[in-house]
Amino acid sequence: MRINHVFIRYLLVGGLNTAFGYSVFAILVFMGCHYSIALFFATVAGVFFNFKTIGIFVFRKSDRSLIWRFLAVYGVLYLVNVFLVFVLLPLLNNVYAANALAVIFNAALGFCLNRHYVYEEN
């Protein structure tokens, strides 16, 4: 039963985090950045905000030493995101739509990695 509450909190907090990160991405692409560069800066911009919100509001942990694991997870999420956009872009012919679909997969992957690797919930 606890997983349901944690997952619901993750979806709510993740919605805010995703809106922030996607906005940074969209602005940078609109300004002419390549999607991989825009994703990099959106990821970097969101990491520290996300670390606090996910740690405190989702998993109820504020241990600052977990930042290194969190950074590793976000490194993986960035690489997966770039790969997914690379694969989806020719199919959708729209970088914004390709990233929107990639975000859905990355949200689920991010929950699993954070839960098991960073915050070690069973």
Review point. How about N93: does its CG atom have over 12 heavy atoms from other parts shown lying under 6.0 Å from it?
Key: no
Revision key, fill the gap. Between N94 and L89, the two heavy atoms sitting closest are C-CD1, 3.6 Å
Exercise for review: Give the C-alpha distance, both sets of side-chain angles, the deciding distance and a yes or no for side-chain contact (heavy atoms from CB on, under 4.5 Å) between N81 and Y78.
Suggested key: CA-CA 5 Å; N81 204 1; Y78 166 75; 5.6 Å; no
Point to revise | Cluster overlap F48 with V73, hydrophobic side-chain contacts below 4.5 Å | key: yes
Exercise for review: Mind telling me whether F20 and F49 have parallel, tilted or perpendicular rings, with 30° and 60° as the class edges?
Suggested key: tilted
Practice item. For this output row, return yes or no: ring centroids of Y74 and F70 closer than 6.0 angstrom. Key: yes
Practice item. Identify, with sequence neighbours excluded, every residue that meets side-chain hydrogen bond (donor to acceptor under 3.5 Å, both in side chains) alongside T43. Key: none
Exercise for review: Report yes or no: do W68 and I54 belong to one cluster of Ile/Leu/Val/Met/Phe/Trp/Tyr joined by side chain heavy-atom distances under 4.5 Å?
Suggested key: yes
Practice item. Please check if atom OH in Y22 has more than 12 non-hydrogen atoms from other residues, nucleotides or ligands closer than 6.0 Å. Key: yes
Check your understanding: So which heavy atom on F25 is nearest to which on L39, and how close?
Key -> CD1-CD2, 3.7 Å
**Study point:** Smallest separation among heavy atoms of V85 and A102, with atom names
**Key:** CG2-CB, 4.1 Å
Review point. Within 45° of the six-membered ring axis of F57 and under 6.0 Å from that ring's centre, is NZ or CZ of R9 located there?
Key: no
Practice item. Might you point out which heavy atoms bring P90 and V87 nearest each other, and give the distance in Å? Key: CD-O, 3.4 Å
Practice item. From the options L109, V103, V47, V82, select the one residue that forms a side chain to side chain contact (heavy atoms under 4.5 Å, CB included) with L77. Key: L109
Exercise for review: Could you tell me whether the side chains of N114 and Y10 share a donor-acceptor contact shorter than 3.5 Å?
Suggested key: no
Check your understanding: Stepwise, does the salt bridge (Lys or Arg N to Asp or Glu O under 4.0 Å) test hold for K61 with E120?
Key -> CA-CA 11 Å; K61 294 183 180 178; E120 300 185 53; over 6 Å; no
**Study point:** Side chain Y119, main chain R60, donor-acceptor under 3.5 Å
**Key:** no
Practice item. Determine yes or no for a side-chain-to-main-chain donor-acceptor pair under 3.5 angstrom, with N50 supplying the side chain and N17 the backbone. Key: no
Check your understanding: So if you build clusters from Ile, Leu, Val, Met, Phe, Trp, Tyr with side-chain heavy-atom gaps below 4.5 Å, do I67 and Y117 land together?
Key -> yes
Revision key, fill the gap. V6 and V58 have their tightest heavy-atom pair at O-CG1, 3.6 Å
Study note, to complete from the structure: Heavy-atom closest pair (A42 atom, V24 atom, distance to 0.1 Å) is CA-CG1, 3.6 Å
Point to revise | side-chain contact (heavy atoms from CB on, under 4.5 Å) assessment of Y96 paired with Y35 | key: CA-CA 9 Å; Y96 303 103; Y35 69 83; over 6 Å; no
